[in-house]
Number of protein chains: 2
Amino acid sequence: MASQAGPAGASKATTLTDVARLAGVSIATASKALNGRAQVKAETRARVIDAAERLQFSPNALARGLLAGRSGTVGLITSDLEGRFSIPVLMGAEDAFGSGQTSVFLCDARGDAIREQHHVRALLSRRVDGLIVVGARPDPRPPLAAEVPIPVVYAYAPSEDPGDVSIVSDNVGGGRMAVEHLVACGRQRIAHISGDPTYGAAHDRERGALEALGEAGLALAGGRAYYGSWSEAWGRGATRMLLERDPDVDAIFAGSDQIARGVLDALHEAGRDVPGDVAVIGFDNWEVLATNARPPLTSVDINLEHLGRVAAQRLFAAIDGSTRSGTESLPCRVVARGSTTPLD
Amino acid sequence: MASQAGPAGASKATTLTDVARLAGVSIATASKALNGRAQVKAETRARVIDAAERLQFSPNALARGLLAGRSGTVGLITSDLEGRFSIPVLMGAEDAFGSGQTSVFLCDARGDAIREQHHVRALLSRRVDGLIVVGARPDPRPPLAAEVPIPVVYAYAPSEDPGDVSIVSDNVGGGRMAVEHLVACGRQRIAHISGDPTYGAAHDRERGALEALGEAGLALAGGRAYYGSWSEAWGRGATRMLLERDPDVDAIFAGSDQIARGVLDALHEAGRDVPGDVAVIGFDNWEVLATNARPPLTSVDINLEHLGRVAAQRLFAAIDGSTRSGTESLPCRVVARGSTTPLD
DNA sequence: CACGTACCCGAAAAGGCTTTCTGAATCTAT
DNA sequence: ATAGATTCAGAAAGCCTTTTCGGGTACGTG
């Protein structure tokens, strides 16, 4: 009873004609019966539906799409090798596209503009109804090279063209939240260790953090934000520097969870208790890193799934004719874990 | 000059008819010219190609698929929330499907059989030419619920039905390699800390390890393999237990990179030098964990991208009528890093 | 009894492309 | 010069579905 994939070609799939024949009606009637159109007697409709089921009829979406002028598919182009960002976005999008109505082509451009271009062409040829472009890093990226005749939504990384539709997470707000959380935990001497300084998002997070600090009447511990790279090693190194410069620090806001892991490591090594002596908060809420840390890492969640859902909604709206454009920032949220337990 | 997505519907895409008209030939001739068919004079062909370019013609894959009976698409159904496994597999598959010829629908079933079923139906309706099913864990999984009329290849997790086509990584071989590597590094007292004992793959890895140990005339340090969960916390705890039971251990083979991270942590805490006193090897070669570890973690790579490539090839073969079936194991490879430097 | 009105159903066109088959024109050979 | 062989272009069928529109039946009404 295994799948009976006939060699080369398989036995023709059952078509509406087959159903109509079995039900003893015309294909037009069969179509209307199956699609819930009105002009069919209840009894006839039942007969058709029964026939369709018996034959395991599944309408040919290609033919349908050809006729309708829209395929019911969208393309999702990513450059995110790890799938760290794309998969949640994809899942959110799948959610939003009420299951079954829309399917998603996932293409990985691997950061290569040529390959991206190529995928766009292929997808256009498949008549996707829209495109979601997920960038490799949160900074603005050049818009798609080709002029495409279908709606495009940029997710995670906005398009450089403000006339495009972009959905990103609010890095400023996220930075603010991180500090507000630390302040709420009673911290006063808060430092910030971030990553690659070429990332605009990193500076956004710092800006949010500074705003929140200012409002709390505090200054950045360590004198300034520490920029380096998005690695644990940098987190460790920067923490060591920081402890030397400002031994009284009682909280560290890390620019990513990877950095936060390094921070935790270095603090541990220096004999500082977390969160007793120093509280630590990360960014991204990458579960596998955050939950396995010791102690479990509080982190700012950038809500990728939601981002995907919103991107899909905006794409849908655009497909249906909405003409809204611009960059939309989605709020982050703090997921509190053991690394920032409030002081007693 | 932004994309000019007309509200609802956009201006009709250019069709072969347009090209034919501009070139002053019939659509039949235009088709033949563009597809490299023989019966067209060189000069006519050039004229058609020129017209197609001028009009930015891109053939409607829906129409083509409708006619050809195959859509040039495949479905990839996964349940791997993180995308940890699916994305590399997808990339491998994309590679194998010589770019442009085949596009991939990616669907996430989220471990839910109902949702999986649903996706299968949707994909069938879209007339995908084949299906790749990527499991959530490496153990055998039930075959697709529905009887599908197209070829299916199971990747990462094999189907329980030996009559299906499955591509998996060779866990026994991987376990063997891990130990062989440690032995090659001069280690004699090798322990094994693995994860969730309900994972058959974990036992496969142990089996391979035991084989290699036997051939080297060694026994497992710690008396037996330690099973627990796939977490850093377990890696730490098990290491502490191990050190108590068998303080002379000079190498630890961890069942996953996450566990290995915990192992490194605990060893560090216990004052053992890695790799000086104890060498550590992980499994999966999850870059973000392995390269950021201190020291960088040697790990057994399960070659997911290759797995995806092979899966795609097998699927292609099946689509073209090949009838081969059964489970195929792909070899792993050791990626040596700082945690296992040979003893001097 | 003739006619209007619902109510159902079916014929046919459309959507864009490929392919086969036919036909016309050019060329070769006798 | 004419029969036969090539070469190239076009007409048309077909893939599968949806939808419009016209026709048929049954029924109620004047």
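Note on naming: letters A, B, ... go to the chains in the order of the sequence lines (proteins, then strands), and numbering restarts at 1 for each one.
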From the candidates C:dG15, C:dT19, C:dA11, the one with an atom nearest any side-chain atom of A:Ala28 is C:dA11
Can you measure [X] atom [atom1] to [N] atom [atom2] for me and round it to whole angstrom units?
{"X": "A:Arg64", "N": "C:dG16", "atom1": "CZ", "atom2": "P", "answer": "18 Å"}
{"X": "A:Glu43", "N": "C:dC7", "atom1": "CD", "atom2": "C1'", "answer": "14 Å"}
{"X": "A:Arg47", "N": "C:dC9", "atom1": "CZ", "atom2": "C1'", "answer": "11 Å"}
{"X": "B:Lys32", "N": "C:dT20", "atom1": "NZ", "atom2": "P", "answer": "10 Å"}
{"X": "B:Leu66", "N": "C:dG16", "atom1": "CG", "atom2": "C1'", "answer": "9 Å"}
{"X": "A:Ile27", "N": "C:dA12", "atom1": "CD1", "atom2": "P", "answer": "11 Å"}
{"X": "A:Arg45", "N": "C:dC8", "atom1": "CZ", "atom2": "P", "answer": "10 Å"}
{"X": "B:Arg21", "N": "C:dC17", "atom1": "CZ", "atom2": "P", "answer": "12 Å"}

Evaluate B:Ser159 against B:Arg141 for side chain to side chain donor-acceptor pair (under 3.5 Å), listing each step before the verdict. CA-CA 5 Å; B:Ser159 163; B:Arg141 49 151 285 157; over 6 Å; no
Under a 3.5 Å distance rule, please check whether A:Arg47 uses its side chain to pair with a backbone N or O of A:Ala23 as donor and acceptor.
yes
Can you check whether [X] has a side-chain N or O nearer than 4.0 Å to OP1 or OP2 of [N]?
{"X": "A:Ser26", "N": "C:dG10", "value": "yes"}
{"X": "B:Thr15", "N": "C:dC17", "value": "yes"}
{"X": "B:Asn60", "N": "C:dG15", "value": "no"}

Judged by nearest nucleotide, the residue sitting upstream toward the 5' end of DNA chain C, B:Leu67 or B:Gln39, is B:Leu67
Should [X] and [Y] count as side-chain neighbours, where that means a heavy-atom distance under 4.5 Å?
{"X": "B:Asp164", "Y": "B:Val152", "answer": "no"}
{"X": "A:Leu330", "Y": "A:Val168", "answer": "no"}
{"X": "B:Val104", "Y": "A:Leu106", "answer": "no"}

Its 5'-most and 3'-most nucleotides having an atom under 4.0 Å from a non-hydrogen atom of chain B, DNA chain D is contacted over D:dC8 to D:dC16
Verdict with supporting geometry, B:Tyr156 and B:Thr78, side-chain contact (heavy atoms from CB on, under 4.5 Å): CA-CA 10 Å; B:Tyr156 188 63; B:Thr78 174; over 6 Å; no
Closest heavy-atom pair, B:Ile132 versus B:Ala93, reported as atoms and distance to 0.1 Å, is CD1-CB, 4.4 Å
Heavy-atom nearest nucleotide on DNA chain D taken for B:Val25 and for A:Ser58; more 5' hit belongs to B:Val25
For A:Leu62, which contact category applies under a 4.0 Å heavy-atom criterion: base, sugar-phosphate, or nothing?
nothing
